[in-house]
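Worksheet: the structure to be examined is printed underneath.
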Amino acid sequence: MAANRVPNGQIVTRFPPEPNGYLHIGHAKAICIDFGMAEKYGGRCHLRMDDTNPEKEDQEYIDSIKTDIRWLGFDWGDYEYHASDYYDQLHAIAVNLIKQGMAYVDSLSAEQVREYRGTLTEPGRESPDRNRPIEENLKLFAEMRQGKHPEGSLVLRAKLDMASPNINMRDPALYRIKFASHPRTGDKWCIYPMYDFTHPISDAIEGITHSFCTLEFEDHRPAYDWATSIDGIDHAPRQYEFARLNITHFVLSKRKLLNLVKSKIVGGWDDPRMPTLCGLRRRGYSPESIKDFVNRVGVAKVESIVDYNLLEFCVREDLNKRATRMMAVLDPVKVVITNYPEDQVEWLLADNNPENPAAGQRKIPFSRELYIEREDFMEVPVKGYHRLYIGNEVRLKHAYYITCTGIEKDADGNILEIRCTYDPESKGGMTEDGRKVKGTSHWVSARHAIDCEVRLYDKLFLVENPGVATGNYLDDLNPESLVVIPEAKGEPALLDTHSGDYLQFIRNGYFTPDSKDHSKKHPVFNRTATLKDSWSKKLQKNDR
RNA sequence: UGGGAUGUAGUGUAAUGGUAACACUGCAGAUUCUGGUUCUGCCUUUAGGGGUUCGAGUCCCUUCAUCCCAGCCA
């Protein structure tokens with residue numbers, strides 16, 4: 001995109017987050033564009049904190065933003081800036097503007113400014129202060145800086161065009177008074193520059209060539225072009241707009257995300273159901289899957305809503321390649337292999353990842369009493385069911401073929417244990433005679449099993465566009481977005497997993513140890529995504 | 001009713017004025033020691049109407065639809 005505009009091919013971009021919230025997947029799109037363009041054309045990308053509103057901004061956010069960008073795999077090198085680095089320069093430029101009669105101090109109240117601005121269809125009127133003498137402007141502006149005037153009493157405005165059809169050009173505010181302490185400049189300033197003034201000039205100072213931003217800034221481009229053409233600014237970056245990322249079943253507005261956190265609907269910014277980068281990370285998403293997703297979505301100027309399915313496809317595709325396969329039983333029922341020696345234990349070999357032989361193998365213990373998934377047995381099998389039922393033979397993954405001979409129930413009819421026999425010839429999961437066994441179940445040896453907590457995460461919202469039909473996105477919350485299984489049974493090797501590991505619990509989905517709560521003493525696994533499940537789909541169809 | 005943008009399968013994104021395509025979803029089937037993976041096939045597209053042209057998704061006119069803008073937020 002327009003890289004040929006730069007003579008030596010050196011393009012310079014910037015990612016300019018406002019540190020007033022955590023980065024989410026929508027920002028990931030911007031990051032991929034800003035850093036990606038620079039990478040692609042052999043340029044560089046600056047990280048610049050757009051910190052011009054001390055009331056909303058916080059060091060906590062600054063730190064998290066840097067962590068998240070690095071996690072995604074991007075590096076701004078030494079090019080780390082803050083809009084607040086330019087406060088002195090910005091101030092000098094403003095003073096010059098006043099001297100040239102191009103800016104004035106306005107004493108209209110905020111309400112009055114609004115009235116004078118006119119409406120979308122009617123032009124505005126000029127402020128009575130618009131022609132205040134330059135000397136007076138200079139004096140007042142100096143006093144503003146010295147803290148001699150209360151917040152809201154005065155504002156510095158550019159003298160542009162009150163009749164402009166573009167409201168952003170009707171004498172935009174350049175500086176406002178705020179007696180707020182800034183995370184970086186402390187109490188040095190009590191006047192702070194506005195976005196339309198700060199952003200373009202910061203871009204110019206840094207030698208940015210391509211300033212990418214979202215569509216809503218399109219209307220600000222004339223203001224951007226004005227600010228970068230102020231006398232003394234010798235570099236003219238150009239602004240390009242692209243559409244924001246929207247994803248079905250998600251909300252991506254800072255306000256709504258903040259509300260989810262504050263109202264404790266989720267556990268925090270890094271709750272695995274949040275679309276924040278820290279949330280997705282804790283959920284078990286790899287940075288590669290997120291970047292792949294963003295690349296597949298593409299860049300355009302049409303407002304669009306991407307199907308959540310595409311995101312899930314991207315994680316699954318990536319995790320399928322890299323996740324270590326393990327076995328865990330979430331809803332255990334006991335299986336007793338009646339012809340297997342009481343005290344015998346065999347350590348069977350299992351592939352860590354069939355998609356990647358280099359991942360090696362590990363050993364899992366097999367014994368007479370096992371757990372399998374409750375839904376892997378049916379007393380009265382439905383049509384097409386090829387798992388365990390009385391008389392049927394199935395394979396225990398990596399182990400043996402077993403045939404169900406009977407079950408034992410309690411007084412209420414609950415299945416207590418399933419009795420089976422095994423075929424010693426089928427060790428490793430196959431036989432010489434090549435007979436077909438359709439069903440394969442995962443399992444865990446009862447005496448070797450470890451107890452673990454498993455957190456089953458699902459979409460936070462039930463509908464594609466939360467709030468659109470109901471009027472309130474909170475009405476569309478999925479009550480089952482988190483289902484906790486306090487005591488799942490897992491194979492022993494699960495004890496050796498760590499935060500950041502990508503796992504697949506065979507036939508159950510992709511999981512990762514929780515970065516906050518997981519420990520050897522109390523293993524906790526978060527479900528990143530389910531496996532595709534054509535069987536339950538088929539069942540549902542048969543029900544209808 | 002001011003200004004700025006945008007309309008291509010269900011979704012997202014491509015197509016020097018020259019056969020409308022790719023991915024996801026959905027559906028059907030094959031393979032499989034995960035009902036996963038993999039593979040095969042199918043469904044469905046240029047907002048409407050005019051015009052220019054041998055030929056239009058692309059150029060022109062027009063209509064319609066959608067989004068953004070009236071912070072001393074970014």
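We name chains A, B, ... by the order of the sequence lines, and we start the count at 1 in each one. Only a predicted model underlies this, so the values are computations on that prediction, with no experimental measurement involved.
- Checked against salt bridge (charged side-chain N to carboxylate O under 4.0 Å, His left out), Asp187(A) has no partners two or more places apart in sequence or in another chain.
- Among the heavy atoms of the strands lying under 4.0 Å from Arg395(A) is at least one base atom, whether or not backbone atoms are also near.
- Residue contacts for Ile305(A): at a heavy-atom cut-off of 4.0 Å it reaches the sugar-phosphate backbone alone, with no base atom in range.
- Contact check of residues 163-182 of chain A against RNA chain B (heavy atom, cut-off under 4.0 Å) returns Pro165(A), Ile167(A), Ala173(A), Arg176(A), Lys178(A).
- For the pair Arg221(A) and G4(B), the criterion of a side-chain N or O lying under 4.0 Å from OP1 or OP2 is not met.
- Ring-centre distance between His46(A) and Phe15(A): not below the 6.0 Å cut-off.
- A distance of 6.0 Å or more separates the ring centres of His199(A) and Phe217(A).
- Each ring pair (Phe, Tyr, Trp, His ring centres under 6.0 Å) pair with one or both residues in residues 106-130 of chain A, not counting sequence neighbours, would appear here, but there are none.
- Of the candidates C27(B), G35(B), C73(B), G35(B) carries the atom nearest the Trp535(A) side chain, counting heavy atoms from C-beta on.
- Atom-to-atom, CZ of Phe141(A) to C1' of C72(B) comes out at 13 Å; the value is rounded to the nearest Å.
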For nucleotides 7-9 of chain B, tabulate all protein N/O to nucleotide N/O atom pairs closer than 3.5 Å, reporting atom names and distance.
none

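- Counting only N and O atoms by type, the side chains of Tyr473(A) and Asn259(A) include a donor and acceptor under 3.5 Å apart.
- Side-chain atoms of Gln239(A) and Asp203(A) form no donor-acceptor pair, as typed in the model, at a separation below 3.5 Å.
- Where stacking is scored as ring centres under 5.5 Å apart with planes under 30°, His199(A) does not register as stacked on the base of A74(B).
- Closest contact between the side chain of Arg325(A) and the listed nucleotides G35(B), U34(B), C73(B) involves U34(B).
- If you measure from atom CG of Leu311(A) to atom P of C24(B), you get 15 Å, rounded to the nearest angstrom.
- Listed nucleotides G10(B), A23(B), A5(B) differ in distance to Arg296(A); the shortest reach to its side chain belongs to A23(B).
- One atom, CD of Glu216(A), and another, C1' of C69(B), lie 10 Å apart when rounded to the nearest Å.
- Distance from the side chain of Asn309(A) is smallest to C24(B) among C72(B), G36(B), C24(B).
- Looking at residues two or more places apart in sequence or on another chain, you find no salt bridge (charged side-chain N to carboxylate O under 4.0 Å, His left out) involving Asp225(A).
- For G3(B), its base sits under 3.5 Å from the side chain of Asp219(A) at one donor and acceptor pair at least.
- For residues 428-441 of chain A, the salt bridge (Lys or Arg N to Asp or Glu O under 4.0 Å) pairs, not counting sequence neighbours, are Glu393(A)-Arg435(A), Asp423(A)-Arg435(A), Asp433(A)-Arg435(A).
- Remark: aromatic rings of Tyr308(A) and Phe250(A) are close, center separation under 6.0 Å.
- Residue pairs meeting the salt bridge (Lys or Arg N to Asp or Glu O under 4.0 Å) criterion with at least one partner in residues 306-315 of chain A, sequence neighbours excluded, are Glu312(A)-Arg316(A).
- Side chain of Tyr195(A), nearest nucleotide from A74(B), G2(B), U13(B): A74(B).
- The phosphate of G36(B) has OP1 or OP2 within less than 4.0 Å of a side-chain N or O from Ser534(A).
- Legend: salt bridge (Lys or Arg N to Asp or Glu O under 4.0 Å) pairs involving residues 289-303 of chain A, not counting sequence neighbours, sorted by first then second residue: Glu218(A)-Lys301(A), Glu241(A)-Lys301(A), Asp292(A)-Arg296(A), Arg296(A)-Glu317(A).
- The shortest distance between the side-chain N/O atoms of Arg114(A) and the OP1/OP2 oxygens of G71(B) is below 4.0 Å.
- Nucleic acid contact class of Leu215(A) (heavy atoms, under 4.0 Å, all strands): none.
- Nucleic acid contact for Lys397(A): base, since at least one base atom lies under 4.0 Å from a heavy atom of the residue.
- Of the candidates G71(B), G4(B), G12(B), the closest approach to any side-chain atom of Arg117(A) belongs to G71(B).
- Here Phe366(A) and Tyr400(A) bring their ring centres to under 6.0 angstrom of each other.
- Phe505(A) pairs by the ring-ring contact (aromatic ring centres under 6.0 Å, His included) definition with Phe511(A), Phe525(A), not counting sequence neighbours.
- For Lys29(A), there are no salt bridge (charged side-chain N to carboxylate O under 4.0 Å, His left out) partners two or more places apart in sequence or in a different chain.
- A donor-acceptor contact under 3.5 angstrom links the side chains of Asn20(A) and Lys254(A), judged on distance only.
- With C1' as the reference atom, C22(B) and C60(B) are 31 Å apart, rounded to whole Å.
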Any protein N or O atoms within reach of nucleotides 42-45 of chain B? Criterion: under 3.5 Å, listing atom names and distances.
none

Filtered N/O pairs between nucleotides 28-32 of chain B and protein, under 3.5 Å:
none

